[in-house]
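Working notes, structure below.
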Amino acid sequence: MQLPIPQTVRADEPTHKIEKMKNVVRRIKFESELDLEFGERIADKAYGQRLLSCIQCGTCSATCPLAHYMDYTPRKIIAMTREGFKEEVLNSLTIWLCASCYSCTVQCPRQIHITDVMYTLKREAILMGFYPRRLPIPVLAREFYKRVLKDGRNTESWLLISLYLRTNPFKMLRESVLGFKLFVRGRLTIGKERVKGRDQLHSILKHEKGGNTI
Amino acid sequence: MHGNGDNGSIRIGFYICHCGHNIGSVVDVHAVAEYVKTLHGVVLSQEYKYMCSDPGQELIQKDIQEQSLNRIIVASCSPLLHEHTFRSAVEKGGLNPYFFQMVNIRENVSWVHTDMQAATQKAKDLSRAAVQRVFHHKALETKHVKIHPDVLIVGGGIAGIHAALTLANAGKKVYLVEKDPTIGGHMAMFDKTFPTLDCAACILTPKMSQVKNHPNITLWTYSEVVKVEGYVGSYTIGVRRKPRYVNEALCVGCMDCIDKCIYKEGKTPDEFNAGLNKRKPIYIPFPQATPQLVVIDPKTCIEFKSGHCKKTCVDACDRKAIDFKQKEEIKEISVGTIILATGYQIFDAKRIPFYGYGKYPNVYTSLEVERLVNASGPTGGELILRDGQHPKTVGIIHCVGSRDKNTNRWCSRTCCMYSLKLAHLLKEHTDAEVYNFYIDIRAAGKSYEEFYDKLLDENVHFVRGRVAEVTDWAVRPSEEGKLIIRAEDTLIGVVRRVPVDMVVLAVGMEPQADAQDIRRLFNISCSTEGFFLERHPKLAPVDTFTDGIFIAGACQGPKDIPDSVAQAGAAAAQALTLIDTGEIELEPNTVFVVQEECSGCRTCLTMCPYNAISRDEVKQKAIINEALCKGCGTCVAACPSGALKQNLFEDEMIFSEIDGLLTMEQEACC
Amino acid sequence: MKYLYFPGCSLRSTGRAYEESLLAVLKALEIPIEELDDWNCCGATSYASIDETDAFALAARNLALAELQSPDETVNLIAPCSACFLVLMKTERYLEDYPDVSKKINTTLDKVGLHYHGRVDVRHPLDVFVNDYGLENIAKRVKHPLKGLKVASYYGCQVVRPFKTFDHSHYPVTMDRLVQALGGEPVDWPLKTRCCGGSLTGTIQEAGLRLNRLLLKEAEKRGADIMLTCCPLCQHNLECYQQRINRIYEEEIDLPIAFFTQLMGVALGLSEKELGMQRLFKKPSLSHITHPKGAVVNAW
Amino acid sequence: MEKNIMVSNGQNESTTQGWEPRIIAFFCNWCTYTAADLAGVSRLRYAPNARIIRVMCSGRIDPQFILDAFAKGADGVLVGGCHPGDCHYMEGNYKALRRMQLLKRMLKDMGIEAKRFRLEWISASEGERVKTVMNEMTESLRALGPLGLPKKFEEWDREIGILEEEVLGKEEAVHA
């Protein structure tokens with residue numbers, strides 16, 4: 001099943017939309033294509049317990065500030081996860097668009113920790129290398145992760161630079177003006193923030209590792 | 001006195017029930033029967049498909065006579081279900097019924113375990129315990145108590161009214177106690193009723209006046225039960241009659257006093273109109289209020305607040321019915337049975353701030369809308385919003401305070417249908433566009449689905465999605481000055497923003513605020529949600545765990561009118577059965593004193609909550625008043641000399657049970 | 001009792017004004033605080049998307065350090081940045097809810113001579129000011145009441161969600177009450193806690209910018225002279241992208257976005273320099289407040 | 001959670017040697033026993049280690065019953081009554097509470113771990129609670145291992161016997 005991608009997301013690729021329109025999308029799902037344990041697997045992860053008790057009321061989608069940019073509304077993600085539509089879920093933009101504002105979590109009448117489920121799905125996606133390539137969000141997450149792993153603290157200037165280098169260098173030019181403004185106001189530092197007990201930190205994170213996910 | 005086995009040897013008959021597959025599929029019934037055969041005292045041990053069936057019971061009777069058994073044990077379901085059945089079987093067999101012991105291997109074993117070996121082992125242990133227990137059983141006399149023929153009914157809603165009339169028509173004397181100034185309950189507030197759309201008042205008010213005029217019904221409105229003593233058959237009830245400050249005997253409900261009240265306009269929110277308009281301190285709840293009596297509300301009446309009122313109302317009343325000196329009185333009555341029909345309260349919509357109730361004037365609860373569309377309502381049935389507008393678009397939000405773990409988990413059952421009804425009425429009154437936002441439409445009643453069809457044909461919008469928020473935040477010019485409902489249309493899969501003029505919140509049904517107090521007062525149980533708990537969800541839906549007390553209507557759980565009426569009828573029938581039997585058997589599990597062992601230490605006296613124990617100052621011994629003893633056995637556990645014993649639960653019996661449960665047997669697997 | 005202070009990475013760069021004003025105000029109110037020694041990044045939202053236990057271990061180190069540093073029975077750790085606030089608190093709860101994980105994390109902490117016993121109570125400055133220090137005490141110290149200043153309080157998401165520690169999850173009032181105590185006029189608007197998109201402005205701008213546009217427009221529509229935030233990222237998004245929003249969507253939004261601590265400082269009579277006002281793209285015109293007599297507008 | 005328990009049970013019982021804790025449960029007729037019935041009717045699955053003894057009221061439960069149960073080889077004892085304020089006999093459960101508090105201290109002195117005795121208020125509607133309590137208790141007893149008082153008694157008797165002999169021996173010696 002092809003993944004329809006909202007054109008808003010790839011605004012930087014005008015041709016993309018047209019191609020998508022030409023494609024014929026196959027809309028049938030054979031049970032054999034599903035991963036039937038997927039739902040339970042996700043539910044077993046932290047704060048996933050109530051996932052299976054979803055009644056598909058759509059409160060999450062309605063309260064989500066980003067739902068209108070998602071390829072599948074949060075409700076659909078839950079349904080698909082439960083039914084084992086693993087590929088669609090892990091390939092979806094939805095999980096990456098979640099800005100973790102917890103609106104859904106607070107309002108869900110079944111008290112499903114939707115935001116935490118989204119985190120679980122993000123991790124799953126990275127683990128399986130499923131997430132859409134060149135989509136900046138996972139890259140940002142990864143860069144952030146590396147930076148903190150290295151210095152123990154994050155320095156926004158460097159984070160952004162490395163982000164744009166890895167996604168869309170042209171964007172950096174666009175941002176440079178803003179960057180400069182911030183800089184003159186002393187809001188962007190060139191010197192990196194570092195933790196003194198870095199070795200300590202690293203050993204903690206090393207110990208934690210069940211095989212590095214990057 | 002039936003034959004008893006005290007003389008001579010103990011001859012035990014053991015029967016184990018398959019209960020179809022219910023027990024047989026998890027417990028190796030045969031193995032248990034075989035094992036019990038080997039136990040001391042057991043003369044006969046056999047299995048049977050359905051012990052509770054007639055042949056099953058006859059089996060017991062036959063064996064008692066032919067094999068001169070003097071102890072009977074049946075291992076089957078819970079004693080709460082069939083103990084009585086088997087006891088009477090034993091009695092028919094010519095043996096004292098209290099030589100019988102029941103072993104629960106269904107609710108406590110086969111239905112809760114999966115591992116056959118473990119379950120069978122448990123069944124064996126329990127059976128062995130019973131075998132050892134019955135050695136100590138004694139012949140006992142069953143206690144009988146007379147049933148007082150009068151009935152108390154609490155709550156004057158449709159359920160209470162129906163139960164009262166049913167019993168009264170059967171010639172029983174009924175006391176109907178209602179806490180409000182009038183009977184009628186919620187139903188009196190409704191406009192039309194689904195699915196037939198006949199007007200609530202038209203079908204209710206005749207019944208109300210019947211109640212008022214029925215010779216067998218004593219109607220006490222504006223009253224509350226404050227005391228409940230005694231037990232099934234003879235309850236003593238205390239009823240507090242709040243002062244109306246109007247003499248019931250004199251007032252004819254002409255309402256002149258109300259017109260003459262120095263308040264030209266009402267000041268306090270009108271309860272009956274869901275607070276949509278104001279009423280005066282002296283008022284009558286609504287035109288057809290029953291009884292037709294005015295009430296004075298001391299909280300708002302000037303005379304009560306300052307004492308310097310012109311008392312124009314007094315002058316207005318030519319029958320001199322108004323009496324500011326009136327005091328509350330406590331009535332004491334004796335009844336044999338009680339029916340609780342205390343109803344429900346609606347969910348407080350303020351608890352869900354997302355829907356803006358109390359913040360945006362044009363957000364209404366369903367109950368308010370019932371009054372708003374009602375011809376005798378505050379607007380005379382014309383649909384004028386709080387801001388004076390006539391709505392062109394209306395959004396009805398389902399499941400407000402239902403199916404929501406953050407508020408109430410349960411489905412309130414009535415909201416779907418009354419929302420459809422209101423949708424119809426609103427369209428009828430205003431020809432507005434009506435949107436229903438629902439999670440599921442539950443129209444599972446007689447001709448309910450057909451009503452749903454009708455609404456679909458009337459082109460009412462149905463959006464399947466729970467509303468996340470009602471807000472005045474407009475992002476499009478078309479939304480300016482409107483209330484915007486945000487929900488996902490889950491069938492289409494997109495989020496929708498629907499601007500409307502009026503929002504109706506289909507609020508759910510909750511237990512009454514004082515349900516817990518009532519429960520304690522009448523000594524019955526509540527379910528987890530706080531509704532009164534029935535004795536059995538299917539087979540005893542109107543009985544409670546307290547004999548002689550029955551429940552009807554929404555106090556037992558959310559219910560619509562037909563169901564409430566049906567249940568009220570059932571409760572009345574249950575009460576009638578008791579009354580017409582004239583007496584009821586009580587467990588003879590009372591306490592007695594072994595005189596020679598009592599040291600007269602007084603320990604037990606403080607234990608008994610019923611003052612059933614006194615002390616013979618001459619003999620210096622404790623005396624038990626059998627009539628007062630309820631058989632809890634708390635005193636028995638406290639008696640230091642072991643002089644107190646409880647029938648059916650003597651120490652020996654329980655010790656032998658413990659012993660039986662714990663003695664290892666050879667072929668045991670663990 | 002002394003408060004521990006966890007600045008977090010953002011308050012050392014884009015959110016510097018927040019730190020400066022916060023510290024200045026705490027000083028002015030004589031609330032004793034002490035920075036957490038050698039704190040590390042809380043892990044933020046991105047971190048949790050890569051590796052969960054890692055993210056929690058990272059945060060747990062801070063909690064453990066806090067316990068080391070403070071003798072108090074319950075350690076009050078102030079985290080001004082919403083992300084830090086939430087992540088630290090979430091870690092705290094998580095270690096309670098999942099004992100096995102907490103054991104695992106603690107064993108690794110033990111290896112480096114640390115241990116978390118669950119004594120830390122993560123606090124937001126808003127909570128501390130309003131509920132610990134008290135509004136009336138603040139009001140007493142106000143030198144320049146924010147007379148007639150219409151203030152839209154923007155809380156963002158993570159301060160009130162998912163944990164309702166000190167206010168309602170969607171309709172909070174703490175900041176508004178604070179504004180009132182400072183003599184200002186809180187603007188009641190419906191988007192107080194609607195997400196600003198967080199890092200989306202940097203990744204998927206279309207989405208990020210639109211969210212901010214909605215917030216800014218609504219605040220202006222409701223007559224706000226200024227919008228207050230309590231999160232460095234929200235402030236950054238709402239302020240720094242205003243021009244771009246105006247350009248792309250042809251809007252004329254012109255709303256100063258300050259940290260609530262900055263406005264507090266102004267009311268308490270602190271200098272604009274102390275409060276890092278110069279770091280704002282658009283500094284709110286408050287001369288009529290700081291110089292009530294309508295005196296010359298201070299120049300900078 | 002509960003699934004695991006069932007599984008582990010399954011194994012333990014199917015293998016003849018695997019030890020299983022034995023629990024005696026005293027339930028009051030009106031609340032807890034009814035709740036147990038409800039658990040049955042709702043087909044909740046829980047560990048099969050407890051054996052229920054029904055009494056009319058938790059107030060009837062004599063501490064001796066509990067001691068007797070331990071003495072005869074129970075690894076744990078569970079007492080269930082109505083919630084405070086809900087007693088069918090008004091205040092039987094309060095009386096029970098008072099007694100059980102005392103008993104707890106006594107058990108402590110006897111060296112019986114606190115976890116082996118549990119007092120629970122379970123109302124007629126709380127079938128789920130019965131399940132959790134049964135499972136929790138079974139689990140915690142598994143962790144504690146057997147109590148095996150009867151065996152201990154035998155040993156003590158033997159030791160005392162030996163002591164007596166010694167003493168007698170000495171006395172005889174003295175007499176001689």
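Sequence lines set the chain letters: A, B, ... in the order given, protein chains first and strands last, and positions in each chain run from 1. Please read all numbers here as calculations on a predicted model, not as lab measurements.
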Tyr249(C) OH: over 12 foreign heavy atoms closer than 6.0 Å: yes

Any side-chain donor near an acceptor of the partner, His124(C) and Ser82(C), under 3.5 Å: no

Interface moiety of Leu214(C) toward chain A, non-hydrogen atoms closer than 4.5 Å: neither

Short side-chain to backbone donor-acceptor contact, Asn246(C) and Ile253(C), under 3.5 Å: yes

Interchain contact, Ala125(A) with chain C, by part (heavy-atom threshold 4.5 Å): neither

Most contacts with chain C, counted as non-hydrogen pairs under 4.5 angstrom, among Arg198(A), Gln200(A), Lys45(A): Gln200(A)

Aromatic ring pairing Phe259(C)/Tyr18(C), orientation class (parallel under 30°, perpendicular over 60°, tilted between): parallel

Asn62(C) CG to Glu92(C) CD distance, which is reported to the nearest 0.5 Å: 12.5 Å

Best-contacting candidate, Asp97(C), Thr203(C), Leu280(C), against chain A by heavy atom pairs under 4.5 angstrom: Thr203(C)

Residue part contacting chain C, namely of Ile137(A), when any heavy atom lies under 4.5 Å: both

Straight-line distance of Ser61(A) OG to Tyr72(A) OH, nearest 0.5 Å: 14.0 Å

Heavy-atom pairs under 4.5 Å with chain A, option from Ala60(C), Ala55(C), Gly202(C), Pro162(C) with the top count: Pro162(C)

Members of residues 105-113 of chain A whose heavy atoms come closer than 4.5 Å to chain C: Thr105(A), Val106(A), Gln107(A)

Max heavy-atom pair count under 4.5 Å with chain A, selected residue of Leu109(C), Leu200(C), Thr193(C), Val160(C): Leu200(C)

Partner chain A: residue of Ser199(C), Gly8(C), Cys157(C), Cys9(C) with the largest heavy-atom pair count (under 4.5 Å): Cys9(C)

Part of His170(C) lying under 4.5 Å from any heavy atom of chain A: side chain

Heavy-atom pair count under 4.5 Å with chain A, highest-scoring of Tyr94(C), Phe163(C), Phe56(C), Trp39(C): Trp39(C)

Salt bridge (charged side-chain N to carboxylate O under 4.0 Å, His left out) between Lys146(A) and Glu143(A), worked out: CA-CA 5 Å; Lys146(A) 286 190 193 148; Glu143(A) 289 312 315; 3.8 Å; yes

Pick from Ser103(A), Gly197(A), Ser100(A) with the largest number of heavy-atom pairs that fall under 4.5 Å of chain C: Ser103(A)

Contact winner vs chain A - Ala207(C), Cys195(C), Gly198(C), heavy-atom pairs under 4.5 Å: Ala207(C)

is_close_aromatic(Tyr241(C), Phe281(C)), centroid dist under 6.0 Å: no

Residues Arg185(A) and Glu239(C) bridged, charged N to O under 4.0 Å: no

NZ/NE/NH1/NH2 to OD/OE distance under 4.0 Å, Arg123(A) and Asp54(C): no

Electrostatic pair Asp116(A)-Lys90(C), nearest N-O below 4.0 angstrom: yes

Short N-O contact, Glu19(C) and Arg16(C), less than 4.0 angstrom: no

Part of Arg194(C) lying under 4.5 Å from any heavy atom of chain A: side chain

Atom pair CE (Met118(A)) and SG (Cys104(A)), whose distance is rounded to the nearest 0.5 Å: 6.5 Å

Proximity breakdown for Thr115(A) and chain C, heavy-atom pairs closer than 4.5 Å: neither

